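A quick write-up on the structure given underneath.
Convention: sequence-line order gives letters A, B, ...; per-chain numbering from 1. Note that the structure is a prediction, hence the values are computed from the model and not measured.
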2 protein chains.
Amino acid sequence: MGKSANSDIQKGCPCLARDVLDRIGDRWSVLLVCILGEHEVLRFTELRRKVTGISQRMLTVTLRDLERDGFVQRKVKPVIPPHVEYRLTPLGHALLENMRSLVNWASRHQDAVRRAREAYDARHSVEEAG
Amino acid sequence: MGKSANSDIQKGCPCLARDVLDRIGDRWSVLLVCILGEHEVLRFTELRRKVTGISQRMLTVTLRDLERDGFVQRKVKPVIPPHVEYRLTPLGHALLENMRSLVNWASRHQDAVRRAREAYDARHSVEEAG
DNA sequence: CTGGATCCCACCAGATACTG
DNA sequence: CAGTATCTGGTGGGATCCAG
């Protein structure tokens with residue numbers, strides 16, 4: 001199941017724990033965890049409305065992945081019409097905390113990155129024109 | 001240039017700074033930053049040897065992205081044969097520090113994730129068989 | 001030695017249609 | 001309401017060949 005070719009690649013870092021890092025690199029996972037962190041409990045359609053732009057499929061898939069990894073708890077109430085609740089697990093909250101500090105750091109530095117890019121692009125459009 | 005549809009998506013988190021998060025989600029970027037963090041300065045072929053499994057193309061591309069974002073400095077010595085040095089910038093070192101703490105956290109919790117997955121898979125192979 | 005340029009495939013996100 | 005099933009276009013990334 002999946003791509004588990006991470007065992008021999010980690011020569012540089014002690015352990016990369018791709019399982020977890022992939023979630024953090026995934027746009028929808030980050031969004032969902034953030035939003036679930038703000039609301040304690042949400043239903044499928046509520047999530048769909050809050051995460052602007054996500055497709056129904058990606059919501060399902062991402063939610064399932066997060067559940068599988070133990071970050072999100074999915075509770076089904078067997079009624080008609082169906083009623084399903086999603087909330088963060090304790091592990092999910094821990095992830096959120098860590099994500100937050102990272103996201104904060106990232107946004108504090110995104111200006112530097114933006115400037116670096118402009119400089120780079122400028123440099124390279126010069127050599128292109130020259 | 002590129003995909004900049006991140007402006008309206010950040011309703012949940014104050015700011016997602018995808019520019020930076022994408023690097024952390026990218027396997028090769030993480031590896032390169034880690035390795036460059038250990039060696040101060042490395043040449044193209046040295047990097048290629050150290051990052052087991054990377055293709056020549058991905059090394060070039062990833063290096064270029066890291067340079068463009070201001071995390072890596074590329075210094076060319078105009079000699080024959082070409083001699084190119086790569087090293088982390090101060091911003092790159094900052095990224096490394098932050099990445100490290102995240103990677104450490106991730107690896108401390110990857111067992112929990114692994115167990116969650118096994119539990120999930122067990123649950124779902126049951127319903128499948130039942 | 002350090003890449004640039006191409007070809008090409010495998011995989012994934014997005015849209016659509018259908019179901020309990 | 002909360003999904004599943006299916007099709008498809010775009011793209012990330014490996015392999016390969018070429019060049020300064």
Side-chain angles (χ1 to χ4, degrees), chain A residues 1-6 8-9 18 21-23 25-32 36 41-68 72-87 120 123-124 127-128 130, chain B residues 1-6 8-9 18 22-32 36 41-68 72-87 120 124 127-128:
Chain A
M1 295 209 175
K3 24 166 159 216
S4 54
N6 310 328
D8 59 302
I9 304 177
R18 273 271 130 233
L21 288 193
D22 281 343
R23 315 273 63 184
D26 179 41
R27 156 190 179 181
W28 296 128
S29 293
V30 176
L31 249 352
L32 287 189
L36 282 172
V41 56
L42 287 172
R43 300 180 56 182
F44 189 85
T45 311
E46 292 175 329
L47 274 168
R48 193 173 178 180
R49 266 197 305 270
K50 288 186 186 304
V51 185
T52 320
I54 195 171
S55 69
Q56 172 271 346
R57 184 179 182 277
M58 286 317 293
L59 181 55
T60 302
V61 170
T62 308
L63 238 21
R64 206 179 285 307
D65 285 348
L66 287 172
E67 185 199 358
R68 188 166 108 98
V72 161
Q73 182 202 11
R74 178 172 178 268
K75 190 174 288 180
V76 183
K77 299 192 176 182
V79 295
I80 307 275
H83 184 110
V84 183
E85 292 179 350
Y86 295 92
R87 73 189 69 206
Y120 180 96
R123 253 179 282 143
H124 284 250
E127 94 181 17
E128 196 178 306
Chain B
M1 293 181 185
K3 32 242 108 188
S4 55
N6 309 328
D8 60 302
I9 304 178
R18 273 271 128 235
D22 281 345
R23 314 273 65 179
I24 286 159
D26 179 43
R27 159 188 177 180
W28 296 128
S29 293
V30 176
L31 249 352
L32 286 189
L36 282 173
V41 56
L42 287 172
R43 300 180 54 182
F44 190 85
T45 310
E46 293 174 328
L47 275 168
R48 193 173 180 181
R49 266 197 305 270
K50 289 187 185 300
V51 185
T52 321
I54 196 171
S55 67
Q56 175 268 337
R57 183 179 184 277
M58 285 319 292
L59 181 55
T60 302
V61 170
T62 307
L63 239 20
R64 200 190 295 306
D65 286 346
L66 287 172
E67 185 199 0
R68 188 166 108 98
V72 161
Q73 183 202 11
R74 177 171 178 270
K75 189 174 289 179
V76 183
K77 299 191 177 183
V79 297
I80 306 275
H83 183 111
V84 182
E85 293 179 348
Y86 294 93
R87 73 188 69 204
Y120 180 96
H124 283 251
E127 92 181 18
E128 198 178 305

Would you mind reading off the distance between [X] atom [atom1] and [N] atom [atom2], rounded to a whole angstrom?
X: Leu47(B); N: dG3(C); atom1: CG; atom2: C1'; value: 13 Å
X: Trp28(B); N: dG12(D); atom1: CH2; atom2: C1'; value: 13 Å
X: Asp22(A); N: dC12(C); atom1: CG; atom2: P; value: 11 Å
X: Lys77(B); N: dC1(C); atom1: NZ; atom2: P; value: 16 Å
X: Lys75(A); N: dC1(D); atom1: NZ; atom2: C1'; value: 19 Å
X: Ile80(A); N: dC1(D); atom1: CD1; atom2: C1'; value: 10 Å
X: Asp26(A); N: dC12(C); atom1: CG; atom2: C1'; value: 11 Å
X: Glu85(B); N: dG3(C); atom1: CD; atom2: P; value: 12 Å

Heteroatom pairs (N/O) under 3.5 angstrom, protein to nucleotides 3-7 of chain D:
from, atom 1, to, atom 2, distance (Å)
dG3(D), OP1, Arg74(A), NE, 3.3
dG3(D), OP1, Arg74(A), NH2, 2.4
dG3(D), OP2, Tyr86(A), OH, 2.4
dG3(D), N7, Gln56(A), NE2, 3.2
dT4(D), OP1, Arg64(A), NH2, 2.6
dT4(D), OP2, Arg64(A), NH2, 3.2
dT4(D), O4, Gln56(A), OE1, 3.3
dT4(D), O4, Gln56(A), NE2, 3.1

Considering non-hydrogen atoms only, spot the tightest contact between [X] and [Y] and give its length.
X: Tyr86(B); Y: Leu36(B); answer: O-CD2, 3.6 Å
X: Arg87(B); Y: Glu85(B); answer: NH2-OE1, 3.0 Å
X: Tyr120(B); Y: Arg68(A); answer: CD2-CG, 3.5 Å
X: Val41(B); Y: Glu46(B); answer: O-OE1, 4.5 Å

Quiz prompt | OP1 or OP2 of dC1(D) under 4.0 Å from side-chain N/O of Arg43(A) | solution =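 So the side chain of Arg43(A) is outside the cut-off, no N or O lying under 4.0 Å from OP1 or OP2 of dC1(D).
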side-chain hydrogen bond (donor to acceptor under 3.5 Å, both in side chains) partners of [X], counting only residues at least two apart:
X: Arg49(A); value: none
X: Thr60(B); value: Gln56(B)
X: Asp26(A); value: Ser29(A)

Quiz item: Between dG14(D), dC1(D), dT2(C), which nucleotide has the shortest distance from any of its atoms to the side chain of Thr45(B)?
Solution: dT2(C)
Distance, nearest 0.5 Å, that separates [atom1] of [X] from [atom2] of [Y]:
X: Leu32(B); Y: Arg23(B); atom1: CG; atom2: CZ; value: 9.5 Å
X: Thr62(B); Y: Leu31(B); atom1: OG1; atom2: CG; value: 9.5 Å
X: Met58(A); Y: Arg48(A); atom1: CE; atom2: CZ; value: 13.0 Å
X: Asp65(A); Y: Asp22(A); atom1: CG; atom2: CG; value: 10.0 Å

Short N/O separations, protein against nucleotides 8-10 of chain D, under 3.5 angstrom:
none

Self-check item: Terminal axis angle for the helix from dC1(C)-dG20(D) to dG20(C)-dC1(D), five pairs an end, nearest 10 degrees
Solution: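 End-to-end axis angle for the helix from dC1(C)-dG20(D) to dG20(C)-dC1(D): 40°, rounded to 10°.
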